[in-house]
Amino acid sequence: MTEGSDFRHWDELIPDALGLIFSKLPLQEILTVIPRVCKSWAKAVLGPYCWQEIDIEEWSSRCQPDNVDRMLQMLVNRSGGSLRKLCVTGLHNSNIFSFIADHAGSLQTLRLPRSNISDALVEQIAGRLSAVTFLDLSYCDKISASSLESIGKNCKALVGICRNLHPLHTAGMPLLDDEAYAIAATMPKLEHLEMAYHPLSTKSVMTILSSCPNLEFLDLRGCWDVRLEDKFVAEKFPKLRVLGPLVRDYYERNEWDECSDYSYISDDLAWDFSADYFDDDAESYDDPWDDEDRLEGLELRFYEGIDEVGGGFGWPPSP
């Protein structure tokens with residue numbers, strides 16, 4: 001740039017400004033494109049600035065559990081204790097839940113749908129999730145009312161919880177209100193509650209309404225035994241919006257079930273490779289810049305190889 005210009009080079013921006021900009025990009029580009037533009041951008045990606053909010057829910061639903069664990073550990077470590085939001089699905093390793101809890105000091109939003117978490121594990125880690133204000137444990141089939149009770153007693157700031165169930169898992173089940181009563185007894189500050197396809201009774205739902213005066217949204221889709229009159233709700237709870245129980249389609253398509261065996265995933269996908277290449281335990285990020293031939297080879301593998309494997313993700317050309 002010419003001397004005295006009003007404009008500055010992108011690589012001269014402070015790291016937190018770069019991180020704020022990069023956080024608006026797709027995760028694939030942050031991990032595989034941005035670090036190769038210049039050294040200052042690579043430093044920003046390796047620092048905590050891009051990782052205060054980590055959302056790999058869509059990617060993790062199509063990836064093998066071991067690779068999800070590795071990617072999650074890498075990104076959480078990069079957050080440097082500043083993690084505020086984490087969204088990931090299908091976790092299976094009990095150690096990864098403890099790892100998340102150990103780094104949850106600033107965590108406010110935690111989404112763990114379809115994860116293999118148990119009551120015993122929830123009781124162990126709930127005390128370390130005290131800062132969480134929004135929690136998603138939908139389709140977690142191995143937890144029960146005792147988990148929700150532990151969460152309610154430890155997460156005093158909780159204002160939103162998603163505890164949706166799969167309609168195929170609850171079809172034909174008898175009424176089961178214990179989770180509703182646990183929520184009513186321990187989560188008085190709730191503003192947002194999702195309990196779709198729970199075998200609930202009207203009585204348990206009324207207990208929630210009377211115990212959670214701040215409730216503004218209640219998802220009861222597929223809770224066929226619940227009877228709430230619109231007029232009654234409008235008069236007694238004017239701030240409350242109720243979704244359901246009736247829905248147009250009994251079964252909402254769940255793509256996760258269709259790809260749960262990971263049979264179509266290739267080990268050569270760029271995501272698996274990116275987790276290796278940007279591992280924080282690896283050597284310094286300066287290495288690729290000292291070897292131009294190696295850098296060119298990596299770019300070919302990332303952009304050409306992905307088209308061969310899966311038809312491409314529509315990534316932009318390398319800068």
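With hydrogens and angles disregarded, no donor-acceptor distance shorter than 3.5 Å links the side chain of W41 to the backbone of K39. Using a distance-only test at 3.5 Å, with no hydrogens or angles considered, no donor-acceptor pair links the side chain of S118 to the main chain of K142. With hydrogens and angles ignored, the 3.5 Å screen pairs a side-chain donor or acceptor of S60 with a backbone N or O of E57.
Between atom SG of residue C140 and atom NE2 of residue H166 there is a gap of 13.0 Å, rounded to the nearest 0.5 Å. Annotation: the span from L31 atom CG to R78 atom CZ amounts to 6.0 Å, rounded to 0.5 Å. Here the CG atom belonging to L112 is positioned 6.0 Å from the CG atom belonging to L137, to the nearest 0.5 angstrom. Atoms NZ and CD1, on K85 and I54 in that order, are 11.5 Å from each other to the nearest 0.5 Å.
Partner I117 forms a side chain to side chain contact (heavy atoms under 4.5 Å, CB included) with one of I96, V122, L91 and no other, that one being V122.
Between M187 and L148, the closest side-chain pair of non-hydrogen atoms falls below 4.5 Å. Looking at L135 and R163, their side chains never come closer than 4.5 Å, going by heavy atoms from C-beta outward.
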Query raised in the report: What's the verdict on side-chain hydrogen bond (donor to acceptor under 3.5 Å, both in side chains) for N154 and S130, showing C-alpha distance, side-chain angles and the deciding distance?
Result: CA-CA 6 Å; N154 289 278; S130 57; over 6 Å; no
**Report entry** CA sep, side-chain torsions, deciding dist, call: L176, H198, side chain to side chain contact (heavy atoms under 4.5 Å, CB included)
**Finding:** CA-CA 8 Å; L176 190 63; H198 267 261; over 6 Å; no
Requested in this report: Would you check, one step at a time, whether the test side chain to side chain contact (heavy atoms under 4.5 Å, CB included) holds for W51 with V45?
Outcome: CA-CA 8 Å; W51 311 113; V45 170; 4.1 Å; yes
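Between the side chains of R84 and Q52, a donor-acceptor pair is found at a separation under 3.5 Å.
C162 and D136 get closest at one heavy-atom pair: CB-OD1, 3.3 Å. In terms of heavy-atom proximity, I143 sits nearest to E179 at O-OE2, 4.0 Å.
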